[in-house]
2 protein chains.
Amino acid sequence: MTSETHPIPVDATAPVGFHKHDHDTCVQTALGAAEAQCKQDGLRLTPVRRKVLEMLLQEHRALGAYAILDRLRDAGFGSQPPVAYRALDFLVQNGFVHKIERLNAFVACSHPGAEHSPAFMICRKCDAVAEAKSAPAKGILGAAARAVGFEIERTVVEAEGICPDCTEKA
Amino acid sequence: MTSETHPIPVDATAPVGFHKHDHDTCVQTALGAAEAQCKQDGLRLTPVRRKVLEMLLQEHRALGAYAILDRLRDAGFGSQPPVAYRALDFLVQNGFVHKIERLNAFVACSHPGAEHSPAFMICRKCDAVAEAKSAPAKGILGAAARAVGFEIERTVVEAEGICPDCTEKA
DNA sequence: CTTGTCATGTTATTCCATATCATGTATGCC
DNA sequence: GGCATACATGATATGGAATAACATGACAAG
Ligand SMILES: [Zn+2]
Ligand SMILES: [Zn+2]
Ligand SMILES: [Zn+2]
Ligand SMILES: [Zn+2]
């Protein structure tokens with residue numbers, strides 16, 4: 001959107017999404033990182049996949065599959081659900097995008113590259129989404145799982161509430 | 001599109017927490033507790049609502065809204081989605097039932113009465129669901145939220161993995 | 001009896017997700 | 001080059017989740 005030159009130092013451990021930042025840089029950096037990682041890992045970041053990732057980075061919030069599909073159609077790609085879902089599957093599978101279960105929607109990863117189990121903060125007023133790191137298996141849940149012999153493979157951690165912006169406005 | 005019968009892929013397999021227990025007692029106790037609490041709080045546990053809660057307690061696993069709807073129809077209640085969703089809204093709102101976001105399904109609460117933010121362990125093999133308590137705002141996520149000024153109102157904590165039963169079988 | 005409120009029922013539509021088949025395209029082997 | 005294979009894409013169709021919009025029934029105050 002705005003191409004202001006106020007480079008926000010991207011602290012890789014800080015949650016992203018609730019504060020202003022240089023968005024163009026943010027998008028370009030992430031796209032570049034994705035391309036590099038794909039090249040390195042022998043993954044194919046094809047046009048559709050790249051476009052979907054770019055859209056999600058651009059929006060910087062969670063988009064439903066059909067919103068993504070609309071944008072794909074506008075960009076001249078296929079217009080049927082599987083086109084979007086396949087691209088999303090690839091991106092989620094390889095850690096470039098996360099699914100927000102609470103919203104049935106998808107958001108670009110804010111900490112690309114590193115292995116991590118993300119946690120999200122979702123504003124119920126403005127639908128902003130911020131990603132933080134989590135260590136779910138370390139806490140009470142991990143203890144409970146060990147106690148009953150449940151083997152955790154993946155966790156969904158999503159907090160719903162009010163973002164700082166919406167709090168100010170009230 | 002006419003009023004044909006709906007195919008119901010009902011899988012009536014074993015109910016599950018992750019350990020055996022006296023199920024009839026379990027159901028009766030929970031139903032009784034719900035009735036008591038509703039009476040105390042001036043809530044109306046109407047026939048549909050009671051039936052839905054009873055079904056979920058009986059199954060002791062997560063059921064999708066349309067599976068619930070099928071059972072409601074069989075029991076002589078309304079057969080359209082809003083009937084099920086309204087009853088589920090009431091039960092979730094008042095803490096008798098939880099929604100499993102990962103499955104888009106609903107499960108009866110295992111710790112009725114007490115205020116709690118539940119965490120769930122979901123087996124990806126057999127769809128068993130166990131409820132544990134969580135303290136999400138106490139850990140890393142809580143710290144991240146305070147750091148950015150996000151006000152947490154509710155949390156979704158769901159772990160996906162393999163339950164002890166399925167681990168044994170392998 | 002009238003009014004207001006809540007629960008229920010019905011119709012219809014929108015959104016999320018996947019199964020299936022057909023077509024295209026890169027890549028590696030002959 | 002010609003061909004086999006895997007994989008990516010495209011299009012059709014369908015199923016499942018969720019809600020909008022509207023109508024009816026029960027019931028308690030006034
Ligand atoms: Zn991430
Ligand atoms: Zn907000
Ligand atoms: Zn509970
Ligand atoms: Zn299992």
Side-chain angles (χ1 to χ4, degrees), chain A residues 38-39 41-53 56 62-94 96-107 124 127 156 158 160, chain B residues 1-11 38 41-53 56 62-94 96-107 124 127 156:
Chain A
C38 283
K39 190 160 193 175
D41 296 359
L43 301 172
R44 303 171 57 180
L45 191 60
T46 62
V48 225
R49 294 168 177 176
R50 191 181 197 283
K51 185 65 184 174
V52 171
L53 178 56
L56 288 173
L63 285 183
Y66 281 58
I68 290 169
L69 196 54
D70 287 340
R71 288 164 171 76
L72 279 181
R73 183 186 307 109
D74 293 348
F77 292 92
S79 57
Q80 311 311 318
V83 176
Y85 278 102
R86 281 191 290 241
L88 288 168
D89 281 348
F90 171 87
L91 294 169
V92 168
Q93 199 69 31
N94 296 106
F96 302 117
V97 164
H98 300 297
K99 179 175 184 184
I100 310 293
E101 298 289 344
R102 185 72 213 285
L103 302 176
N104 291 321
F106 301 84
V107 68
R124 67 168 164 80
D127 280 332
V156 174
E158 297 170 0
E160 187 181 1
Chain B
M1 301 301 266
T2 58
S3 47
E4 297 282 320
T5 62
H6 296 49
I8 310 168
V10 168
D11 148 23
C38 283
D41 297 359
L43 302 172
R44 302 171 58 179
L45 191 61
T46 63
V48 223
R49 294 168 178 177
R50 193 180 196 283
K51 185 65 184 174
V52 171
L53 178 56
L56 287 173
L63 285 183
Y66 282 61
I68 290 169
L69 196 53
D70 288 337
R71 287 165 172 75
L72 279 181
R73 182 190 309 105
D74 293 347
F77 291 92
S79 57
Q80 308 309 316
V83 176
Y85 278 104
R86 282 192 288 242
L88 288 167
D89 281 349
F90 171 87
L91 293 170
V92 168
Q93 199 68 32
N94 297 107
F96 302 117
V97 164
H98 300 297
K99 179 174 184 184
I100 311 293
E101 299 289 346
R102 187 72 215 286
L103 303 177
N104 289 322
F106 301 83
V107 67
R124 69 169 161 81
D127 279 333
V156 174

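Sequence lines set the chain letters: A, B, ... in the order given, protein chains first and strands last, and positions in each chain run from 1.
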Task: Nucleotide nearest B:Tyr85 when distance is taken to its side chain, options C:dC16, D:dA18, D:dA13 - done: D:dA18
Task: Distance in Å, B:Leu91 CG paired with B:Phe106 CZ, rounded so as to fall on 0.5 Å steps - done: 10.0 Å
- [ ] Round to a whole Å and report the spacing from CG of B:Leu91 to C1' of C:dA7.
- [x] 14 Å
Task: Distance in angstrom units between A:Leu103 CG and D:dT19 P, rounded - done: 12 Å
Open item on the list: Is there a side-chain contact between A:Asn104 and the phosphate of C:dC15, meaning an N or O under 4.0 Å from OP1 or OP2?
Closed with: no
Task: A:Val48, nearest nucleotide to its side chain (from C:dT11, D:dT9, D:dA13) - done: D:dT9
Open item on the list: Looking at every heavy atom in both B:Ala62 and B:Ile100, which two are closest together, and how far apart are they?
Closed with: CB-CG1, 4.4 Å
Open item on the list: Students often get this wrong, so: under 4.0 angstrom with heavy atoms, is B:Arg86 touching a base, only sugar-phosphate, or nothing?
Closed with: base
Task: Atom-pair distance (CG on B:Leu72; C1' on C:dT8), nearest Å - done: 12 Å
Task: Pairwise 5' ranking along DNA chain C for A:Phe106 and B:Phe90, keeping only the more 5' one - done: B:Phe90
Task: d(CG, B:Leu63; P, D:dA17) in whole Å - done: 11 Å
Task: Options D:dA11, D:dA8, D:dA20, nucleotide nearest the side-chain atoms of A:Thr46 - done: D:dA8
TODO: To the nearest Å, give me how far apart CG (A:Leu69) and C1' (D:dG10) are.
DONE: 12 Å
- [ ] State whether A:Arg86 and A:Asp89 are salt-bridged, where the test is any N-O pair (Lys NZ or Arg NE/NH1/NH2 against Asp/Glu carboxylate O) under 4.0 Å.
- [x] no
- [ ] Can you tell me the distance, in whole Å, between the CZ atom of B:Phe77 and the P atom of C:dT10?
- [x] 13 Å
- [ ] Side chain of B:Arg49 only, please: which of C:dT10, C:dT8, C:dA17 is the nearest?
- [x] C:dT8
Task: Separation of atom CG in B:Leu45 from atom C1' in C:dC6, rounded to whole Å - done: 15 Å
Open item on the list: Of the options C:dT10, C:dA17, C:dC6, whose atoms approach the side-chain atoms of B:Val83 most closely?
Closed with: C:dT10
TODO: Check whether any side-chain N or O of B:Lys99 sits under 4.0 Å from OP1 or OP2 of D:dA18, and answer yes or no.
DONE: yes
Open item on the list: For B:Arg44 and A:Ala87, find the nucleotide of DNA chain D closest to each by heavy atoms; which residue's nucleotide sits nearer the 5' end?
Closed with: A:Ala87
TODO: Just compare D:dA18, C:dT10, C:dC16 and give me whichever is closest to any side-chain atom of B:Ala65.
DONE: D:dA18
Task: Short side-chain N/O contact from A:Tyr66 to OP1 or OP2 of C:dC15, under 4.0 Å - done: no
Open item on the list: Please report the interatomic distance CG(B:Leu63) to CZ(B:Arg71), rounded to the nearest 0.5 Å.
Closed with: 5.0 Å
- [ ] In whole angstrom, give the distance that lies between atom CG of A:Leu43 and atom P of D:dA6.
- [x] 19 Å
Task: NZ/NE/NH1/NH2 to OD/OE distance under 4.0 Å, A:Arg73 and A:Asp70 - done: yes
